[in-house]
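For reference, the structure is listed below as structure tokens.
One-based numbering, in listed order, for ligands and for the atoms of each. Just so you know, these numbers come straight off a predicted model, no measurement behind them.
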Amino acid sequence: MTKHFTSGRHFLQIPGPTNVPDRVLRAIDRATIDHRSEEFAALGHEVLQGLKAVFRTQQPVVIFPASGTGAWEAALVNTLSPGDQVIMAETGQFATLWKNLALKLGLNVEFLPGDWRHAVDAAQIESRLTADTGHAIRAVCVVHNETSTGVASDIAAVRSAIDKAGHPALLMVDTISSLASIDYRHDEWGVDVTVAGSQKGLMLPPGLSFNAISDKALAASTGAKLPRAYWNWQDMLAANKNGFFPYTPATNLLYGLREALLMLDEEGLANVLARHARHAEATRRAVRGWGLDIVCLQPEAYSNSLTAVMLPDGQDADELRRVILERFNMSLGTGLGKFAGKVFRIGHLGDFNDLTLAGTLAGVEMGLSLAGIPHQNAGVSAALDFLASR
Ligand SMILES: *Cc1c(COP(=O)(O)O)cnc(C)c1O
């Protein structure tokens, strides 16, 4: 096959990794420094402190050189012991993967079933915890924004379910595809461990992941018996006090993180969240204009990071994605797990503006025609009308 140059920017409209802004790429493109130097300590202090505003916390946030999966594991191994009972909620593929990881660690997981089209049912969690009068359940783990389905759950409601049950279980939340895209408040919502990653709303390349840690989670970590070495919070926090890490940090990604935090601060977190809400609404109007179905069946749970779209029976979502990539140099998210081949996902998070969205939706609309998928060509116009009206 002959290789040929493709002009213009690739549209990376999968829901993570997201497009990395030029400012962040330039910040990363610098000499790596001695990670035991005073210069490094200043960088370490700056990013560890700066992250707190994004998590909406006063408590420590630790950074692992790892994908988000590492931060999933870190949350569990630092707080729990072999055989501990844990509740998780089946919102979709990512909740399923976190559950599988917990099983491999030897935890006793109760996986509350879901149909992948609805948010976490806080009332179900409340009744499950209320029934657990002996307080055997040690943790409730939920995914804030289920990236396989575009369904976002109400974390404040899960918190209040735990409180109404008067239950001491830890609350752990995966915000890998919601942090810096959808409203999230670690302290106010009483979350014990927040899990996040660099490559989605934070606009960085893959390679960093995070745990925000409550006092209660930190206290649990002193008695937790699951084996842990690389992920040990105590070693990390001790080194972080002086701006350092217990092993070689991903220095260049930290340069990028410093720049990304600066950008979020310049735009203002509230404006960042409002921008994501606006682009999500425009996207949903486009989907309705095409006459296609949004996977999420609860309007109050629509995701602002991505929209998952269900194709009519017999249509191949991966063929549509293939045509769009070949003709328009745009990557869209594939259907995951039981949605494979039936669903495609439009990522509208991170470094994104009205015209990026317009281009993205135009690529989808043209792709639907080229792939011969029955639809109406009224999606882009509906989205543009919405964008132009406010
Ligand atoms: C992307 C994602 C993950 C997986 O993160 P990796 O960086 O691929 O390990 C986990 N949970 C959610 C909600 C995600 O969006």
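Screening H276, K200, H144 for a side chain to side chain donor-acceptor pair (under 3.5 Å) involving S178 leaves a single residue, H144.
With no hydrogens or angles considered, a side-chain donor-acceptor pair links T91 and E146 at under 3.5 Å. Under 3.5 Å, the side chains of D318 and T334 contain a donor-acceptor pair of N or O atoms. A donor-acceptor contact closer than 3.5 angstrom is absent between the side chains of W98 and D174.
Atoms NE2 and OG1, on H167 and T133 in that order, are 8.5 Å from each other to the nearest 0.5 Å.
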Enumerate the pairs of nitrogen or oxygen atoms, one from ligand 1 and one from the protein, separated by less than 3.5 angstrom; state names and distance to 0.1 Å.
| unit_1 | atom_1 | unit_2 | atom_2 | d |
| --- | --- | --- | --- | --- |
| ligand 1 | 7 (O) | G68 | N | 2.8 |
| ligand 1 | 7 (O) | Q199 | NE2 | 2.7 |
| ligand 1 | 9 (O) | S67 | OG | 2.6 |
| ligand 1 | 9 (O) | G68 | N | 3.2 |
| ligand 1 | 9 (O) | T69 | N | 2.8 |
| ligand 1 | 9 (O) | T69 | OG1 | 2.6 |
| ligand 1 | 11 (N) | D174 | OD2 | 2.7 |
| ligand 1 | 15 (O) | T147 | OG1 | 2.4 |
| ligand 1 | 15 (O) | K200 | NZ | 2.7 |

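Contact of the K216 side chain with the L170 side chain is registered, since non-hydrogen atoms from C-beta on lie closer than 4.5 Å.
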